[in-house]
Number of protein chains: 2
Amino acid sequence: MPAATGRGGRVTISDVAARAGVDKAIVSRVVNDKAVSIRPETRERVLLAIRELGYRRNMAARSLRTASTGAVGLFIPDFANPVYAEIITGAETAALARGYVLMVGSSAGAGHRTKDYLEALGEGRVDGLLLAGGPISPAEQQTLDAQGVPWLLVNRRGRSTTRHVVLDDDRAAQVAVGHLLDLGHRRIAHVAGPAGADTARRRREGYRKALRAAGIEPEASLVAAADYTPAGGFEAASALLASGRPPTALFVANVASAIGVLTAVRERGLSVPDDISVVAVHDLPLAEHLVPALTTVRMPLRSLGARATELLLETDPRRPVAEVVRDPIDLVIRRSTARPPRRRR
Amino acid sequence: MPAATGRGGRVTISDVAARAGVDKAIVSRVVNDKAVSIRPETRERVLLAIRELGYRRNMAARSLRTASTGAVGLFIPDFANPVYAEIITGAETAALARGYVLMVGSSAGAGHRTKDYLEALGEGRVDGLLLAGGPISPAEQQTLDAQGVPWLLVNRRGRSTTRHVVLDDDRAAQVAVGHLLDLGHRRIAHVAGPAGADTARRRREGYRKALRAAGIEPEASLVAAADYTPAGGFEAASALLASGRPPTALFVANVASAIGVLTAVRERGLSVPDDISVVAVHDLPLAEHLVPALTTVRMPLRSLGARATELLLETDPRRPVAEVVRDPIDLVIRRSTARPPRRRR
DNA sequence: CTGAAAGCGCTTACAG
DNA sequence: CTGAAAGCGCTTACAG
């Protein structure tokens with residue numbers, strides 16, 4: 001691109017050194033604020049020259065020399081899912097606090113070229129890569145390893161790998177289902193996440209545990225898998241409500257699907273919460289503006305992003321990591337849950 | 001971080017050259033697929049060596065030599081705003097198609113350190129920067145210029161600068177208001193965007209134009225500024241509805257605020273669309289799942305992201321750019337708009 | 001068609 | 001406290 005040309009006249013460390021009448025090693029030390037002692041007077045001269053010339057250090061040269069970039073990558077499946085917004089914000093704050101920049105990419109725009117994208121990131125653009133949510137194939141994982149890029153799975157566990165940070169999805173599900181049980185529900189269905197999703201697996205697990213703890217044997221017919229999208233939730237809920245013995249409550253694995261669930265209930269001429277109670281995982285800003293305002297389980301998504309960044313940057317990339325962020329999981333009771341209806345429909 | 005050490009044993013172009021029994025210049029030419037002719041036999045040998053050794057080129061070295069990075073940056077105010085998800089996806093696709101990677105950052109996690117963040121990006125991490133939406137201060141702009149980083153404003157116009165791509169927000173507003181006028185509304189209020197936002201300004205402009213074209217003089221009391229958030233929409237709509245002569249229709253500048261607008265109407269005991277019609281800008285997936293399903297104006301957000309990337313990469317960064325993406329703007333009629341109520345409230 | 005050499009802009013032991 | 005030199009891994013005119 002034409003831009004490259006424009007940078008030809010760039011100010012380098014040598015220009016600064018010449019102007020300040022010192023060696024460029026001195027300039028480097030001043031710029032990097034090394035512990036090495038430099039005469040205050042000399043430092044001032046260098047600083048002045050830097051200001052006068054508008055010097056900026058060149059990351060490429062620095063990276064080449066130090067074999068590090070000062071950047072952390074975060075790869076997510078889709079920017080449209082607001083859950084990631086929270087994770088990103090947490091990671092961004094943590095990265096900046098440690099003097100790194102965070103660079104986010106997704107496979108949404110990359111399509112089937114995710115591997116190429118990861119490869120490009122691995123060519124030394126980042127010092128490490130956080131892989132959130134989406135499916136990473138073994139081939140992709142190998143690519144990263146071959147490139148020597150440290151990585152860490154975020155919000156999902158790997159098949160054969162043990163480098164991940166997750167939330168306590170199991171407990172979140174138990175909190176949600178526990179709330180429904182407390183209200184007196186016994187026939188509780190689950191709009192689960194997609195079959196492949198690790199978060200979905202753990203939430204389903206928690207759902208079953210909570211039921212069993214209350215002496216209720218989980219029924220397979222009361223679980224319907226759905227994408228983490230409104231459309232997915234709509235279909236799954238429609239199917240569950242059309243069954244012979246419909247549930248009185250739905251535990252939904254994700255806010256996005258809950259949006260579709262509410263529509264499905266309404267379209268069947270039923271009311272939330274009078275006929276059906278609904279509770280979902282993740283307390284996004286949106287939840288309180290749905291109709292009715294949605295009861296949710298708040299998960300520490302920002303902490304997850306922050307902790308992941310921390311672990312990526314501060315642990316040996318060759319050692320296993322399997323951490324569950326234990327920050328509080330809160331039940332946020334709004335209008336979508338109530339006692340079950342008296343008479344059987 | 002420990003990772004850097006691990007990369008010490010990295011395979012370089014010299015290793016490949018030695019293995020293939022050629023000069024490293026040859027390896028470079030093969031890797032970069034230069035038009036230079038190389039004997040097929042030699043090429044094969046090099047390719048084999050690359051595979052055997054698992055060679056990956058080092059971007060830092062390449063960047064230093066060529067003064068370009070193969071990366072484009074996109075800076076947005078907040079990942080939580082789904083409007084940006086569409087822009088990002090468009091930009092990502094366009095960047096990848098041109099052999100670049102897109103790296104997204106936001107000021108949400110950066111807080112007041114946006115300038116530091118931009119500076120870090122400008123240290124030669126990207127070949128150009130797309131600045132979407134958020135406020136970029138003159139100081140920040142100067143920083144980028146001083147660093148010689150080409151930039152382009154996306155979805156907003158700058159104060160003194162003319163390097164931007166925007167959508168036709170003016171026309172979007174006219175489409176929305178025109179729809180309300182066609183339905184017979186005469187008293188149409190506007191839940192506008194935040195005072196500083198350029199998109200807000202242009203939508204307000206379109207709103208006024210549409211009214212005037214219908215022979216209606218716009219009233220300042222019928223316009224209320226709001227953040228592009230549910231909470232902002234809630235407050236603005238509440239104020240508008242509390243006035244002595246309330247409107248029969250609301251043109252809302254943004255889907256996020258429309259969510260709050262619907263809540264506000266409901267809390268006043270009014271019904272959408274029987275008492276109040278609501279139409280909003282941006283047709284996000286969410287819109288059809290609101291209650292009632294929201295009538296919207298669909299804007300070509302992906303095209304905007306794609307076109308911005310194209311312009312950034314393919315035009316001279318020292319020349320002005322002021323483009324309006326002219327892709328179709330569509331009215332998507334759902335359940336939130338209807339004819340005005342017969343009798344005056 | 002291939003090779004040898006210079007040099008991109010830094011950082012960092014090492015020597016003074 | 002400061003300086004001179006080597007070298008990180010590439011690409012690219014230039015020469016053969």
Side-chain angles (χ1 to χ4, degrees), chain A residues 4-46 49-50 53-70 122-125 127 147-148, chain B residues 4-46 49-50 53-70 122-125 127 147-148:
Chain A
T5 334
R7 228 183 276 163
R10 213 187 146 121
V11 178
T12 75
I13 205 173
S14 302
D15 300 327
V16 176
R19 176 107 180 186
V22 297
D23 187 87
K24 55 197 172 65
I26 302 294
V27 179
S28 174
R29 284 163 198 149
V30 169
V31 168
N32 292 294
D33 223 5
K34 281 283 155 76
V36 190
S37 43
I38 291 173
R39 241 193 314 158
E41 184 197 312
T42 310
R43 177 185 301 277
E44 279 315 316
R45 264 211 327 275
V46 171
I50 287 176
L53 298 172
Y55 168 75
R56 307 281 168 189
R57 76 176 163 197
N58 178 323
M59 266 311 296
R62 178 168 220 278
S63 291
L64 178 57
R65 188 51 229 250
T66 63
S68 74
T69 65
E123 278 178 340
R125 290 178 199 278
D127 291 338
Q147 294 178 112
Chain B
T5 334
R7 227 183 278 163
R10 213 188 146 121
V11 177
T12 76
I13 204 173
S14 301
D15 300 327
V16 175
R19 176 110 180 186
V22 297
D23 188 88
K24 56 197 171 70
I26 302 293
V27 179
S28 174
R29 283 163 199 149
V30 169
V31 168
N32 292 296
D33 224 4
K34 279 285 155 74
V36 190
S37 43
I38 291 173
R39 242 193 312 158
E41 185 197 312
T42 311
R43 178 185 300 274
E44 280 314 315
R45 264 211 327 274
V46 171
I50 287 175
L53 298 173
Y55 168 74
R56 308 280 167 188
R57 75 177 163 195
N58 177 321
M59 267 310 297
R62 179 168 220 278
S63 291
L64 177 57
R65 187 52 229 251
T66 64
S68 73
T69 64
E123 277 177 340
R125 289 178 200 278
D127 290 339
Q147 292 179 112

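Residue numbers begin at 1 in each chain, while the letters A, B, ... track the order of the sequences.
Across all strands shown, dT2(D) pairs with dA15(C); the Watson-Crick or G-U wobble distances both stay below 3.5 Å.
T42(A) comes within 4.0 angstrom of sugar-phosphate atoms only, judged by non-hydrogen atoms across all strands, and of no base.
Proximity of R29(A) to the phosphate of dT11(C): no side-chain N or O atom is located under 4.0 Å from OP1 or OP2. Distances shorter than 4.0 Å separate some side-chain N or O of R62(B) from OP1 or OP2 on dT11(D). Residue T12(A) places none of its side-chain N or O atoms closer than 4.0 Å to OP1 or OP2 of dG9(C). Checking the phosphate oxygens (OP1, OP2) of dG9(D), no side-chain nitrogen or oxygen of R57(B) falls inside 4.0 Å.
Listed candidates were dA4(D), dT12(C), dG9(C). Nearest to the side chain of D23(A) is dA4(D).
Side-chain to base pairing of R56(B) with dG9(D): no donor and acceptor N or O lie closer than 3.5 Å to each other. Between the side chain of R65(B) and the base of dG9(C) there is no donor-acceptor pair of N/O atoms closer than 3.5 Å.
The distance from atom OH of Y55(B) to atom P of dG9(D) is 10 Å, rounded to the nearest whole Å. The distance from atom NZ of K24(A) to atom P of dC8(C) is 10 Å, rounded to the nearest whole Å. Rounded to whole angstrom, the span from the CG atom of N58(A) across to the C1' atom of dC10(D) amounts to 14 Å.
Side chain of R57(B) to main chain of N32(B): no donor-acceptor pair is present (N/O by atom type, distance under 3.5 Å, no hydrogens or angles).
Within the 4.5 Å cutoff, no side-chain heavy atoms of N58(A) are placed close to those of T12(A).
Residue-to-nucleotide proximity on DNA chain C shows that, of V22(B) and A25(A), the 5′-proximal contact is made by V22(B).
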